[in-house]
Number of protein chains: 2
Amino acid sequence: MPPRDSQRDQAELVILSLLEDGSRYGYAISKEVASRSDGMLRMTPGVLYPLLKALEADGLISSTWEEVKADDADPDDAGRKRKWYRLSAKGRKRLAQRVAAHRAWRAVIDAFIGERPEKEGAS
Amino acid sequence: MPPRDSQRDQAELVILSLLEDGSRYGYAISKEVASRSDGMLRMTPGVLYPLLKALEADGLISSTWEEVKADDADPDDAGRKRKWYRLSAKGRKRLAQRVAAHRAWRAVIDAFIGERPEKEGAS
DNA sequence: GACAGATATATCGTGACGCGATATATTGTC
DNA sequence: GACAATATATCGCGTCACGATATATCTGTC
């Protein structure tokens, strides 16, 4: 019953975190995850798109198709369609929960490996 | 190819950490993990024993059967046999690797969720 | 205009593995 | 004798991560 720290949960945490920072489309997420983690995390299509779908089904994110306009920042991709995802209010709450869970989890593991827990300041 | 942060890896990290602190037998490990994590981590038999077996097969830990003596600290269990596990030199190395991997992983996740990374001091 | 490669979204099959259920044995207690 | 706790161990099955694959558009180049 207690929540396990599944890869799924970690992936969810990362995606919701990115979207809190601003809306993104799928491919951008996969690229940003890879670059910001220096290749340690990978969001391959087989993982990313099913997850985005599930997150949307849960109402944590919403999506809209957008046509890239020629006068946009990136004129190269004029005409191409992208599916933009944005965080919902529910998703924001879930993110807060996931972050709290991650912190609790981290504290437990750190205690086991004898890591100094660094004082956990108030919110 | 880059290592994923599987539950298996986390379980391994926890067990090796416990054994670095001193030899233990299986059941004690499961109880200690539960109590020290306040129930967040669970080492059920279906997880623990296969894992211990695998760790021993890898030479990371070694084991010996010990008969509980009546003059031991816990006289209630006189006659009962326990399988004591201790960390090997190889296991100690692996533990160091796992700890390093955990720290790296944690730093990546923390960066995503905008956690202040707390300066990573030298060893 | 044909081909390669990057961009972009999406699904499907399966192989691995987490772990609940189960088995066995001993000791203690009611 | 029945039940609970201690203690180790295995097996099977359901789930899930993710590689492989498919589709489509744009750019560059020969």
Side-chain angles (χ1 to χ4, degrees), chain A residues 1-15 23-35 39-57 61 63-70 72-85, chain B residues 1-15 23-35 39-57 61 63-70 72-85:
Chain A
M1 284 298 233
R4 325 249 88 248
D5 189 30
S6 61
Q7 271 141 272
R8 153 72 200 246
D9 285 351
Q10 290 180 340
E12 188 180 301
L13 173 64
V14 166
I15 290 179
S23 295
R24 279 161 175 75
Y25 55 95
Y27 191 75
I29 292 177
S30 73
K31 289 300 164 191
E32 197 168 348
V33 165
S35 72
M40 284 189 65
L41 269 61
R42 284 178 308 164
M43 281 294 195
T44 54
V47 173
L48 179 62
Y49 292 107
L51 187 46
L52 286 172
K53 200 177 186 183
L55 293 178
E56 188 166 18
I61 61 179
S63 68
T64 49
W65 282 97
E66 309 276 355
E67 187 113 4
V68 178
K69 300 283 170 43
D72 272 2
D74 196 352
D76 283 354
D77 294 325
R80 168 163 299 162
K81 282 188 189 130
R82 287 166 178 160
K83 200 172 181 182
W84 288 81
Y85 295 93
Chain B
M1 284 302 230
R4 325 250 88 245
D5 190 28
S6 62
Q7 269 141 272
R8 153 70 201 247
D9 285 351
Q10 289 181 340
E12 188 180 300
L13 174 64
V14 166
I15 289 179
S23 295
R24 280 160 174 75
Y25 55 95
Y27 191 74
I29 292 176
S30 74
K31 289 301 163 189
E32 197 168 348
V33 165
S35 71
M40 284 188 66
L41 269 61
R42 283 180 306 164
M43 280 295 195
T44 54
V47 175
L48 178 63
Y49 293 106
L51 187 45
L52 286 172
K53 201 178 185 181
L55 293 179
E56 189 168 16
I61 60 179
S63 67
T64 49
W65 282 98
E66 307 275 355
E67 186 113 3
V68 177
K69 299 283 169 45
D72 273 2
D74 197 351
D76 284 354
D77 294 324
R80 168 162 298 161
K81 283 190 189 129
R82 287 165 178 160
K83 200 172 180 180
W84 288 82
Y85 295 93

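As a basis for the values below, the full set of heavy atoms in this structure was taken, side chains included, without hydrogen atoms, waters or symmetry mates. Everything numeric here is computed off the predicted structure, so don't read it as measured data. Throughout, a chain's letter reflects where its sequence line sits, starting with A, and its residues are numbered from 1.
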*Gap between atom CE of B:Met43 and atom CD1 of B:Ile15 - 0.5 Å precision*: 3.5 Å
*B:Tyr25 side, atom OH; B:Trp65 side, atom CH2 - distance, nearest 0.5 Å*: 12.0 Å
With 3.5 Å as the limit, what N/O pairs link the protein to nucleotides 10-14 of chain D?
{"from": "D:dT10", "atom 1": "OP1", "to": "B:Lys53", "atom 2": "NZ", "distance (Å)": "3.1"}
{"from": "D:dT10", "atom 1": "OP2", "to": "B:Lys53", "atom 2": "NZ", "distance (Å)": "3.3"}

*Can you tell me how far P of D:dA7 sits from CH2 of B:Trp84, to the nearest Å?*
9 Å
*asked:* So, using salt bridge (Lys or Arg N to Asp or Glu O under 4.0 Å) as the criterion, who are the partners of B:Glu66 when residues are at least two apart?
replied: none
*Out of curiosity, A:Ile29 CD1 to A:Tyr85 OH, how far, rounded to the nearest 0.5 Å?*
7.5 Å
*Any A:Tyr27 side-chain N or O less than 4.0 Å from OP1/OP2 of C:dT9*: no
*For the side chain of B:Thr44, starting at C-beta, report the closest nucleotide among D:dC18, C:dC19, C:dT9.*
C:dC19
*Please state how far atom CD1 in B:Ile15 lies from atom P in D:dT8, giving the value in whole angstrom units.*
12 Å
_Taking 4.0 Å as the cut-off, does a side-chain nitrogen or oxygen of B:Lys31 come that near to OP1 or OP2 on D:dA7?_
no
_Spatial distance of atom CD (A:Glu12) from atom CG (A:Leu52) [nearest 0.5 Å]_ = 11.0 Å
_For atom CG of B:Leu51 and atom C1' of C:dG18, their distance in whole Å_ = 11 Å
*Name the closest nucleotide to the B:Arg82 side chain, picking from D:dC18, D:dT8, C:dG18.*
D:dT8
*salt bridge (Lys or Arg N to Asp or Glu O under 4.0 Å) partners of B:Glu32, counting only residues at least two apart*: B:Arg24, B:Arg36
*asked:* Taking only side-chain N and O atoms of A:Tyr25, does any of them lie within less than 4.0 angstrom of OP1 or OP2 on C:dA8?
replied: yes
*Over how many whole Å does the gap from B:Leu41 atom CG to C:dG18 atom C1' extend?*
14 Å
_What's the closest nucleotide to the side chain of A:Arg42 if the choices are D:dG19, D:dA17, C:dA10?_
D:dG19
*side-chain hydrogen bond (donor to acceptor under 3.5 Å, both in side chains) partners of B:Ser63, counting only residues at least two apart*: B:Glu56
*Whole Å only: how far is the CD atom of B:Glu32 from the C1' atom of D:dT6?*
16 Å
*Separation of B:Trp65 atom CH2 from D:dA7 atom C1', in whole Å?*
8 Å
*Distance, rounded to the nearest Å, where A:Ile61 contributes CD1 and C:dT9 contributes P*: 12 Å
*Starting at CZ of B:Arg24 and ending at C1' of D:dA7, how long is that distance when rounded to a whole Å?*
17 Å
